[in-house]
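Some notes on the structure that comes next.
If you're wondering where the values come from, they're calculated on a predicted model, not measured in any experiment.
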Amino acid sequence: MTLATHSGHGIYQTYKLALYIYALRKLSNSYEYGTQENLLRMQGPDGGFHTGYDRAGTYAGTLENAETTSILIMALNSTSTFRLFPTLALPPWILYVFIGFAGAAVAAVIIVLMLETRRKGQGPVGPTA
């Protein structure tokens with residue numbers, strides 16, 4: 001990933017990549033595949049995230065800190081890659097239409113059940129011999 005995260009010494013700042021992912025997800029509701037894997041590679045054995053990485057994608061002797069870790073957690077929580085399928089961006093009116101159809105179907109079933117119960121409760125109609 002070639003972002004403006006280079007610090008000038010061959011080390012890229014991890015928190016800048018995390019902020020990029022977070023902003024991209026929140027502002028455009030899109031996701032760039034592969035960036036999450038880059039962030040997860042920065043996690044140290046004790047769970048914290050390293051502050052920098054080099055071109056090879058290793059954390060290159062950088063230290064872990066709480067600020068970088070918290071920013072990465074926010075960025076990773078904003079992504080939807082933990083689901084089997086990506087979230088569909090449906091306009092709200094489609095959801096309202098489906099809710100309306102579902103409500104009408106439930107109302108129709110209730111009316112049919114009430115009519116059937118009322119019909120069964122009555123005796124035979126007409127003269128009986």
Side-chain angles (χ1 to χ4, degrees):
M1 169 138 267
T2 57
L3 295 173
T5 61
H6 195 269
S7 67
H9 303 289
I11 303 295
Y12 298 88
Q13 298 301 309
T14 307
Y15 81 92
K16 291 180 182 179
L17 177 60
L19 288 175
Y20 167 75
I21 292 171
Y22 183 76
L24 180 69
R25 181 76 179 132
K26 292 297 180 183
L27 295 177
S28 68
N29 202 20
S30 64
Y31 178 75
E32 191 170 318
Y33 291 97
T35 53
Q36 181 177 348
E37 289 77 22
N38 290 340
L39 287 181
L40 291 174
R41 265 191 253 126
M42 299 305 109
Q43 190 170 17
D46 63 348
F49 286 88
H50 287 266
T51 58
Y53 59 97
D54 60 8
R55 284 199 165 186
T58 62
Y59 38 83
T62 59
L63 300 175
E64 302 169 7
N65 70 14
E67 293 85 359
T68 302
T69 301
S70 62
I71 292 170
L72 262 77
I73 289 171
M74 285 184 356
L76 291 172
N77 281 338
S78 72
T79 62
S80 63
T81 59
F82 296 112
R83 298 183 186 136
L84 186 57
F85 299 105
T87 304
L88 298 175
L90 296 175
W93 67 268
I94 291 178
L95 296 175
Y96 298 143
V97 168
F98 283 119
I99 290 170
F101 282 139
V106 168
V109 168
I110 290 172
I111 290 171
V112 167
L113 289 175
M114 287 174 52
L115 291 174
E116 284 294 315
T117 305
R118 191 176 297 164
R119 187 178 64 91
K120 286 182 181 181
Q122 295 177 348
V125 179
T128 57

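Residue F101 is grouped with residue I94 when hydrophobic side chains (ILVMFWY) are merged at heavy-atom distances under 4.5 angstrom, including chains of intermediate members. By the criterion of side-chain heavy atoms lying less than 4.5 angstrom apart, applied directly or through intervening Ile, Leu, Val, Met, Phe, Trp or Tyr residues, L76 is grouped together with M42 in one hydrophobic cluster. Transitive grouping of hydrophobic side chains (ILVMFWY, heavy atoms separated by less than 4.5 Å) brings L40 and L24 into a common cluster. Y15 and Y59 fall into different hydrophobic clusters, where Ile, Leu, Val, Met, Phe, Trp and Tyr are joined by side-chain heavy atoms under 4.5 Å apart, directly or via other members.
For E64, the side-chain hydrogen bond (donor to acceptor under 3.5 Å, both in side chains) partners two or more places apart in sequence, or in a different chain, are H50. Applying the side-chain contact (heavy atoms from CB on, under 4.5 Å) criterion to I110, with sequence neighbours excluded, gives V106, M114. Residues that satisfy the side-chain hydrogen bond (donor to acceptor under 3.5 Å, both in side chains) test with T58, not counting sequence neighbours, are D54. In this structure T62 satisfies the side-chain hydrogen bond (donor to acceptor under 3.5 Å, both in side chains) test with no other residue, sequence neighbours excluded. Taking E67 as the reference, nothing meets the salt bridge (charged side-chain N to carboxylate O under 4.0 Å, His left out) condition, with sequence neighbours excluded.
The minimum heavy-atom distance between L72 and F49, with the atom names listed, is CD2-CD2, 3.0 Å. Across A75 and L39, no two heavy atoms sit closer than the pair CB-CD1, 4.4 Å. Of all the heavy atoms in L113 and T117, the pair that sits closest is O-OG1, 2.7 Å.
Taking CE from M74 and CZ from R25, the interatomic distance works out to 14.5 Å, rounded to the nearest 0.5 Å. To the nearest 0.5 Å, the span separating CD1 on I21 from CD1 on I71 amounts to 12.5 Å.
Y53 has its ring centre less than 6.0 Å from the ring centre of Y12.
Sorted by first then second residue, the side chain to side chain donor-acceptor pair (under 3.5 Å) pairs that include residues 95-116, not counting sequence neighbours, are E116-R119.
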Query raised in the report: Does the pair T51 and T14 meet the rule for a side chain to side chain contact (heavy atoms under 4.5 Å, CB included), with working shown?
Result: CA-CA 5 Å; T51 58; T14 307; 5.5 Å; no
